[in-house]
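Notes to accompany the following structure.
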Amino acid sequence: AQSVSQHNHHVILSEAASLELGCNYSYGGTVNLFWYVQYPGQHLQLLLKYFSGDPLVKGIKGFEAEFIKSKFSFNLRKPSVQWSDTAEYFCAVNEGNTGKLIFGQGTTLQVKP
Amino acid sequence: DVKVTQSSRYLVKRTGEKVFLECVQDMDHENMFWYRQDPGLGLRLIYFSYDVKMKEKGDIPEGYSVSREKKERFSLILESASTNQTSMYLCASSTYSLGFGANEQYFGPGTRLTVT
């Protein structure tokens, strides 16, 4: 069965530190990849997505992610985090051509002011 | 503005009760989904629907059923609530993916259900 793995479960950073959250998936076919964010008390919203083309994808709020096909990875990065980035982050990948998404376990990011 | 609404933000029910969670989307999306979100487990798919009256089981359908009588509305039913169904329930919708993977899903605010 397909799976998505987020290696960092809980990350604590100081403001202005750089961020990289790992995401690996198991599906070997054509992939659509997503990063979602859930701020405290808010609903899940899309940070960025990759369908095809340039493997370096830019999203909202200064986030970016790089699709590395050979490594089955789609890591999320931000050069300088802010306190307002404190949230839970989820990586997701399509389950074949079903229209469904498989989500990782989530990474809780805590940014200290 | 894209919108997915859920009938309740917080719900407290007793063991054995029948529970209805309602979800409505205003984007004319074909696909609708019900997930439960638990700490350390991410989002797990309960049921999804590709069209009116169409439904398919997700990864954890036991103890749940769904209903989709209209395109914009997707209901999750807990036939006989149990304490292990205490969780955050998220509804989502997306456009039909035409067999080329999956499109972005739009999420509602969630319903935090407590079963006592």
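In what follows, chains carry the letters A, B, and so on, assigned in the order in which the sequence lines appear, proteins first and then strands, with residues in each chain numbered from 1. Since the structure is predicted, the reported quantities are computational estimates derived from the model, not experimental observations.
If you take OH on Tyr36(A) and CZ on Phe107(B), they are separated by 5.5 Å, rounding to the nearest 0.5 Å. In this structure, Leu46(A) CG and Tyr106(B) OH are separated by 7.5 Å, a value rounded to the nearest 0.5 Å. Atom-to-atom distance recorded for His43(A):NE2 and Arg9(B):CZ is 9.5 Å, nearest 0.5 angstrom.
Linking Ile, Leu, Val, Met, Phe, Trp and Tyr residues whenever their side-chain heavy atoms come within less than 4.5 Å leaves Val4(A) and Phe103(A) in two separate clusters. Both Tyr35(B) and Leu44(A) are part of a single hydrophobic cluster, where members link through side-chain heavy atoms under 4.5 Å apart. A chain of hydrophobic side-chain contacts below 4.5 Å, direct or via other Ile, Leu, Val, Met, Phe, Trp or Tyr residues, connects Leu47(A) to Val81(A). Under a hydrophobic clustering in which Ile, Leu, Val, Met, Phe, Trp and Tyr are joined whenever their side-chain heavy atoms come within less than 4.5 Å, directly or via other members, Tyr10(B) and Phe20(B) fall into different clusters. Linking Ile, Leu, Val, Met, Phe, Trp and Tyr whenever their side-chain heavy atoms come within less than 4.5 Å leaves Leu21(B) and Phe33(B) in two separate clusters.
For chain A, the nearby part of Gln37(B) is the side chain; its heavy atoms alone come within less than 4.5 Å. In this structure, chain B has a heavy atom under 4.5 Å from the side chain of Gln38(A), while its backbone stays farther away. Using a 4.5 Å cut-off between heavy atoms, Gln6(A) makes no contact with chain B at all.
Between Asn103(B) and Phe51(A), the shortest heavy-atom contact is OD1-CE2, 3.8 Å. Closest heavy-atom contact between Lys100(A) and Phe48(B): CD-CE2, 3.1 Å.
Identified by a heavy-atom distance below 4.5 Å to chain A, the contributing residues of residues 39-47 of chain B are Gly40(B), Leu41(B), Gly42(B), Leu43(B), Leu45(B), in residue-number order. Contact annotation for residues 108-116 of chain B against chain A (heavy-atom separation below 4.5 Å, listed by residue number): Gly108(B), Pro109(B).
Residues in residues 23-52 of chain A take part in these salt bridge (Lys or Arg N to Asp or Glu O under 4.0 Å) pairs, two or more places apart or across chains: Lys49(A)-Glu104(B).
Contacts with chain B were tallied for Gln105(A), Gln45(A), His9(A); Gln105(A) has the most, counting heavy-atom pairs under 4.5 Å.
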Show me the donor-acceptor pairs within less than 3.5 Å that the side chains of residues 56-67 of chain B make with the rest of the protein, sequence neighbours left out.
unit_1: Tyr64(B); atom_1: OH; unit_2: Arg36(B); atom_2: NH1; d: 3.1
unit_1: Tyr64(B); atom_1: OH; unit_2: Tyr89(B); atom_2: OH; d: 2.7
unit_1: Ser65(B); atom_1: OG; unit_2: Glu79(B); atom_2: OE2; d: 2.7

